[in-house]
Amino acid sequence: MKKAMRVLAPKSALPSKKNNPIFSPPPKPHQSYSKIIPQNPNQAETHFITLIHASKTILQLQQIHSQLILQAMSSNIVGLGDKWLGGMVHGGILKMGLEFDGFVRVSLVDMYAKMELLSLALQLFDESPERNKLDSVLLWNVVINGCCKSGILEKAVELFEAMPERNFGSWNSLINGLMRNGKVDKAVELFEGMVEKNVVSWTTMVHGLSLNGMHEKALEMFFNMIEEEGARANDLTLVSVLSACAKTGALEAGMKIHKYILSNKFRFNAAVGTALIDMYAKCGQIQSASQVFRDTKEKDVRTWSVMIWGWAIHGSVEQALQCFEKMKLTGIEPDEVAFLAVLTACSHAGLVDEGLKFFDSMKLDYSIEPTMKHCAVIVDLYGRAGQLDEALRFIQCMALTPDFVIWGALFSACRAHKNIEMAKYVSEKLLQLEPKHSGSYVFMSNIYAGVGIWEEVERVRTSMKDKGAAKDPGLSHVEVHGKLHSFVAGDQAHMHTKEIYSKLEEMTNRAREHGYIPETEWVLHNIEEEEKEDALGTHSEKLALAFGLIRTSPGVVLRIVKNLRICGDCHSLMKHVSKLSQREIVVRDIKRFHHFKDGICSCQDYW
DNA sequence: CTAGGGTTAG
């Protein structure tokens, strides 16, 4: 509710005594208002009504107060969906015959825009006599912002071009709107057209690029900002760029940013700390994550959650559970994400009973209703442990209607434990929910391939093609000397293709001599690429591994990031390679980390 | 008026 306090007392909006002689403020009016702002959102409605009634007298005296109320409402009531309340204030203002000066109009338009009542906002805007005057930037900005939030970009652009004058807010709002709607090129064009950029412009770009999956570009943007342009970042910029590092696994960039934070003496608040911890954890440096966690003094529930997640994805269940308990002891109540993290830790480690205990505690002790995500983890928990019947029973009994993810979790379990009967049943559910989803076909053909029923494999493949379902291509990257190199399955496009493939062959042969047996059941992991022959040999993670081995000196840890689960065959080969070449290999797949060392993986093959 | 941190399955 901090936000409410801030909007209730915008310094610039408070009237000066000079301009308003009748204004005899109670000592700091905004403070007494902020006390009325409820801590519990469920009570907000009642409190706001009280506030409005209490303000009636003030309304007659001071127009500016109606604006304060409107601002409070546009940020609070909106979240509660109380459209009528907003209308009531609007009506009240009209009834009292208050003048509709710029500020009140801006607040009203903003309020309606945020309530997704864009038509009302636009109407108020159109009726506004002052909109073509100078000083009307705020009014235009809130409308542009509203259009962006509703995805009506043409209108936003049109307004942007028509407005009499623009400020940073106008440019930044539109750039943000374009980014959030996937119009990256347009946003870049607009950004480059800015004569002067402020820190919000840069941050919006960094975050926007990352939002559209262009993490490397986001990093480039950030370093360009501080190195070339000499602009100073703030904590919001840092959080955005660190999140891009985490998503792409760019450890070196992340460490550079960490140094930048330390040498520029940025305040280590909860958000920056959390972003750093998350970055280290997702880049494979769980010890550094833990160190930063200790150094972060202001911890909130998110800080604890990323740490728990970190331990979970690195296979340190005990640490994860300890962390969870410690958080509770510190007096921080776990929220639904914290529970997701701790449940995930249990599922990765096969701790079925503990996981179920947490699941119950969530409802009983904290009255958090389990979401679909929690249920998916429970299905996964049973499924990985091979308790398929329990998993199915859980799905049938759960309060929510099982979605694609839930059935998908059970399907993976069927695959892992080779239960074809149940897999068939589940695949029907999957295809009902998403007829075009390639995953089901790939799953199914994998199951048949796993047990060697090749006619069925062929049938599924054909039906997949008929339905026009395409599989996401496997994509891996490896960091070599601070630069990321990407590979897709069957990649022939890389400039060192020849070298890579011969290294791959050499590795495979050596591993074979030491007992590596290619696991053909994984051959259809990527059904599309399989047609290019050698499917097993050319999964993207293997190419990345080979490239990393060629280009780095012995002793350097190899870090590979993959966009899907690592395939079982690649997993087995990596174990051999880690032993034969005495290399530590860290693979991050979509779910978790695999630390290969001396022929052993940290996941203990439980995945 | 404009920017930010953790979230399932594959």
Side-chain angles (χ1 to χ4, degrees), chain A residues 10 12 71 74 106-107 109-110 113-114 136-146 148 166-177 179-180 198-208 210-211 233-244 246 269-279 281-282 296 300-310 335-341 343-344 347 371-380 383 403-413 415 430 434 437-440 442-443 446 471-472 474 525-526 563-565 589-591:
Chain A
S12 57
Q71 289 201 352
S74 62
V106 167
S107 299
V109 171
D110 190 32
K114 285 185 175 151
S136 60
V137 197
L138 290 192
L139 184 60
W140 288 81
N141 284 357
V142 294
V143 191
I144 291 178
N145 219 11
C148 286
R166 306 182 187 101
N167 64 7
F168 280 123
S170 333
W171 291 84
N172 296 342
S173 295
L174 188 56
I175 292 175
N176 188 35
M179 280 297 195
R180 284 186 183 274
N198 70 0
V199 65
V200 180
S201 325
W202 288 102
T203 308
T204 308
M205 287 303 287
V206 171
H207 178 242
S210 182
L211 208 62
N234 63 17
D235 54 342
L236 282 80
T237 326
L238 296 170
V239 164
S240 300
V241 72
L242 284 169
S243 148
N269 61 23
V272 173
T274 305
L276 263 175
I277 296 162
D278 190 43
M279 182 278 290
K282 298 231 169 89
T296 306
D300 60 17
V301 66
R302 293 170 153 194
T303 319
W304 288 93
S305 296
V306 295
M307 197 63 242
I308 298 167
W309 264 109
D335 65 1
E336 52 171 73
V337 181
F339 270 108
L340 261 180
L343 288 174
T344 304
S347 114
T371 66
M372 205 67 93
K373 292 171 186 175
H374 296 98
C375 295
V377 180
I378 296 296
V379 174
D380 195 47
D403 69 351
F404 188 85
V405 175
I406 299 279
W407 291 114
L410 183 56
F411 202 98
S412 313
R415 173 174 182 252
L430 286 171
E434 247 177 85
H437 196 276
S438 59
S440 324
V442 177
F443 277 158
N446 274 332
K471 179 174 174 346
D472 284 349
H525 191 66
N526 185 331
N563 69 337
L564 308 169
R565 295 298 307 267
D589 73 10
I590 195 162
K591 283 280 303 179

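Throughout, protein chains are lettered first and strands after them, A, B, ... in sequence-line order, and every chain is numbered starting at 1. Quantities reported herein were computed from a predicted structural model and do not represent experimental measurements.
- Residue A/A271 has its side chain nearest to B/dG4 when only B/dG4, B/dT2, B/dG6 are considered.
- A/T204 places a side-chain N or O within donor-acceptor distance of the main-chain N or O of A/V200, the cut-off being under 3.5 Å.
- When distances run from any side-chain atom of A/H207 to the nucleotides B/dT7, B/dA3, B/dG6, the shortest one goes to B/dA3.
- In this structure, of B/dT8, B/dT2, B/dA3, it is B/dT2 that holds the atom nearest to the side chain of A/N172.
- Checking B/dG6, B/dT2, B/dA3 against every side-chain atom of A/D278, the shortest atom distance belongs to B/dG6.
- Side-chain atoms of A/T203 lie closest to B/dA3 of the nucleotides B/dA3, B/dT2, B/dG6.
- Among the heavy atoms of the strands, none lies under 4.0 Å from A/T371.
- A/A413 is linked by a side chain to side chain contact (heavy atoms under 4.5 Å, CB included) to A/L388, counting only residues two or more places apart in sequence or in another chain.
- Residue-level contact check: A/A338 touches the bases, meaning some heavy atom is under 4.0 Å from a base atom.
- No hydrogens or angles considered: a donor-acceptor pair under 3.5 Å links the side chains of A/S201 and A/N198.
- If you check B/dT7, B/dG4, B/dC1 against the side chain of A/D235, the one that comes closest is B/dG4.
- Here CG of A/L242 is found 11.0 Å from CG of A/D235. Values are rounded to the nearest 0.5 Å.
- Residue-to-nucleotide contacts include no donor-acceptor pair under 3.5 Å from the side chain of A/N269 to the base of B/dG4.
- Here B/dG6 is the nucleotide among B/dG6, B/dT8, B/dT2 with the atom lying nearest to any side-chain atom of A/V301.
- When distances run from any side-chain atom of A/N141 to the nucleotides B/dG6, B/dT2, B/dC1, the shortest one goes to B/dC1.
- Checking B/dT2, B/dC1, B/dG4 against the side-chain heavy atoms of A/V200 singles out B/dT2 as nearest.
- One finds a side-chain N or O of A/K282 lying less than 4.0 angstrom from the OP1 or OP2 phosphate oxygen of B/dT7.
- Applying the 3.5 Å distance criterion, the base of B/dG6 shares a donor-acceptor pair with the side chain of A/S305.
- Of the listed nucleotides (B/dG6, B/dC1, B/dG10), B/dG10 has the atom at the smallest distance from the side chain of A/R565.
- For A/W309, there are no ring pair (Phe, Tyr, Trp, His ring centres under 6.0 Å) partners, not counting sequence neighbours.
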